Amino acid sequence: MKVYPGVCVNPGLAFGRVYIYDERHIETYGYVSSGDEWMVLEKAVLECSNQLDELIRSTCMRYGQTISTIFQAHKLMLSDPAILAMAKELIQSGMNAYAAYQKAARKMIDQFESHPNEYLRNRVMDIKDATDRVLYYLVKQRYDMSVAFDDSRIIFVKEMRPSMMCLLEKDAIKGLVSESGAYNQHAGIILRIKDIPTMIVPEIMGEVQNNDSVFVDGNRSVIYLNPDEKLINNLLKERR
């Protein structure tokens, strides 16, 4: 058994088998230039805005306005005037829509990552989440992917993207461990509303394998990897 300390995003106890959520990579070879790259980009932004409208409606009905407000902000981010203005200039210089939008979004992300204000730095994941939605659309890949299991699973991720956190349901997973993130990121707000025990444990992805057993103790801000039965029973007694 190994014990790893971390930062609690949402307290609680959760026990289950590890499922490592591998980040999907955008298959850039799937992009085909159509000639009018600016029109292609405008269409992609509009379609992704429509996708977010549906997400805003559904989350508002199920959880109230807090989560839906997060995705209203994503709508503004994916069509940010500064990003689109730079992308248009790059397209006019000869770039295709995908490369131009990716470069423009990256510039915005770099600005926020180096910002001295912690609140603004924590918005980086929202910008990535919103703009990646457009990039996936441009190469005809599905962006929103849900996960569900027949048994108890603890999801391990490299980063907490709000769109993915929105698709997780407490009756399908038991808890979540992320290698990076922050308590006050929007993804953390979503996980607390859904009451999914969540921990941030740096560099944890290299320590776990699929189907390992793990106990998330958000109350003590630690996780136990492959704990023995005695410890599991003692920890579970605390829940009763």
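Because the structure is a prediction, the values reported are computed rather than measured.
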Derivation and outcome, side chain to side chain contact (heavy atoms under 4.5 Å, CB included), residues I67 and I189 = CA-CA 8 Å; I67 293 180; I189 294 173; 5.6 Å; no

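- Other residues, nucleotides and ligands contribute at most 12 non-hydrogen atoms within 6.0 Å of the CD atom of Q65.
- Atom OG1 of T69 and atom NE2 of H74 lie 11.5 Å apart (nearest 0.5 Å).
- The two residues P202 and I200 make their nearest non-hydrogen contact at CD-O, 3.9 Å.
- Looking at residues two or more places apart in sequence or on another chain, you find no side-chain hydrogen bond (donor to acceptor under 3.5 Å, both in side chains) involving Q185.
- Between Q92 and K88, the closest side-chain pair of non-hydrogen atoms falls below 4.5 Å.
- A donor-acceptor contact closer than 3.5 angstrom links the side chains of Y143 and R161.
- Both tests hold for R192 against Y183: distance to the six-membered ring centre under 6.0 Å, angle to the ring axis within 45°.
- Other residues, nucleotides and ligands place no more than 12 heavy atoms under 6.0 Å from the CD atom of Q209.
- Although no hydrogens or angles enter the test, the distance criterion places no donor-acceptor pair under 3.5 Å between the side chain of D129 and the main chain of M125.
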message = Please determine whether side chain to side chain contact (heavy atoms under 4.5 Å, CB included) holds for the pair C166 and T59, giving the CA-CA distance in whole Å, both sets of side-chain angles, and the decisive distance to 0.1 Å.
response = CA-CA 8 Å; C166 191; T59 54; 3.3 Å; yes

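- Shown here are the side-chain hydrogen bond (donor to acceptor under 3.5 Å, both in side chains) partners of S213, two or more places apart in sequence or in another chain: N226.
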Salt bridge (charged side-chain N to carboxylate O under 4.0 Å, His left out) between E169 and R62, intermediate numbers included = CA-CA 12 Å; E169 299 295 346; R62 293 190 64 186; 3.0 Å; yes

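- Looking at heavy atoms from C-beta onward, D212 lies out of side-chain contact with R17 at the 4.5 angstrom threshold.
- Counting only distance, with no hydrogens or angles, the side chain of S114 and the backbone of D110 share a donor-acceptor pair below 3.5 Å.
- Of all non-hydrogen atoms in D151 and R153, the two that sit nearest each other are OD1-NE, 3.2 Å.
- Side chains of K174 and F15 form no contact here, defined as non-hydrogen atoms less than 4.5 Å apart.
- Residues V139 and V134 fall within the same hydrophobic cluster, defined by Ile, Leu, Val, Met, Phe, Trp and Tyr side chains chained together at heavy-atom separations under 4.5 Å.
- The CZ atom of F71 lies 7.5 Å from the CG atom of L52; values are rounded to the nearest 0.5 Å.
- A salt bridge between E118 and R123 is absent, with no side-chain N of the basic residue lying under 4.0 Å from a carboxylate O of the acidic one.
- Side-chain atoms of Q102 and T131, non-hydrogen and from C-beta on, never get closer than 4.5 Å to each other.
- Of all the heavy atoms in L120 and F112, the pair that sits closest is O-CD2, 3.2 Å.
- Considering CD1 of I127 and CD of Q111, their distance stands at 9.0 Å, rounded to 0.5 Å.
- Under the 4.5 Å side-chain heavy-atom criterion for grouping Ile, Leu, Val, Met, Phe, Trp and Tyr, I173 is connected to Y21 within one hydrophobic cluster.
- Looking at residues two or more places apart in sequence or on another chain, you find a side-chain hydrogen bond (donor to acceptor under 3.5 Å, both in side chains) between D53 and K75.
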inquiry  = Walk me through whether S163 and D144 qualify under side chain to side chain contact (heavy atoms under 4.5 Å, CB included).
reply    = CA-CA 7 Å; S163 290; D144 294 316; 3.9 Å; yes

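- Listed by chain and residue number, K170 satisfy the salt bridge (charged side-chain N to carboxylate O under 4.0 Å, His left out) test with D195 (two or more places apart in sequence, or in another chain).
- Looking at heavy atoms from C-beta onward, V7 lies out of side-chain contact with S221 at the 4.5 angstrom threshold.
- The CD1 atom of I70 sits 12.0 Å away from the CE atom of M165 when rounded to the nearest 0.5 Å.
- When atom types are taken as modelled, the side chain of E179 and the backbone of K158 share no donor-acceptor pair closer than 3.5 angstrom.
- Taking N184 as the reference, N122 meet the side-chain hydrogen bond (donor to acceptor under 3.5 Å, both in side chains) condition, with sequence neighbours excluded.
- Atom CE in M86 sits 5.5 Å away from atom NZ in K103 (nearest 0.5 Å).
- The shortest side-chain heavy-atom distance between L84 and S79 falls under the 4.5 Å cut-off.
- Connection of I196 to Y63 is established within a shared hydrophobic cluster, with ILVMFWY side chains joined at heavy-atom distances below 4.5 Å, either directly or through further cluster members.
- Shortest non-hydrogen contact noted between D126 and P162 is OD1-CG, 3.6 Å.
- Between I190 and I193, every side-chain heavy-atom pair lies at or beyond the 4.5 Å cut-off.
- Criterion: ILVMFWY side-chain heavy atoms under 4.5 Å apart, direct or through other members. Under it, L231 and F215 are part of a common hydrophobic cluster.
- Within the cation-pi definition used here (under 6.0 Å to the ring centroid, within 45° of the axis), R121 does not qualify as a partner of Y119.
- As a member of the Ile/Leu/Val/Met/Phe/Trp/Tyr network built from side-chain separations under 4.5 Å, M205 groups with Y4, V18, I20, I154, F156, V177, M199, V201, I204, V208, V214, V216, I223, L225.
- Counting non-hydrogen atoms of neighbouring residues, nucleotides and ligands closer than 6.0 angstrom, the CE atom of M61 reaches no more than 12 such neighbours.
- Across every non-hydrogen atom of C48 and L78, the tightest pair is CB-CD2, 4.1 Å.
- Here the shortest heavy-atom pairing between V222 and P5 reads CG1-CA, 4.0 Å.
- Y137 and I56 are not part of a single hydrophobic cluster, where members link through side-chain heavy atoms under 4.5 Å apart.
- A 4.5 Å side-chain heavy-atom check between L138 and V40 finds at least one atom pair inside the cut-off.
- For the pair N219 (side chain) and P11 (backbone), a donor-acceptor distance under 3.5 Å is absent.
- Between the side chain of K194 and the backbone N or O of L168, at least one donor-acceptor pair lies under 3.5 Å.
- From Y136, atom OH reaches atom OH of Y98 across 8.0 Å, with rounding to the nearest 0.5 Å.
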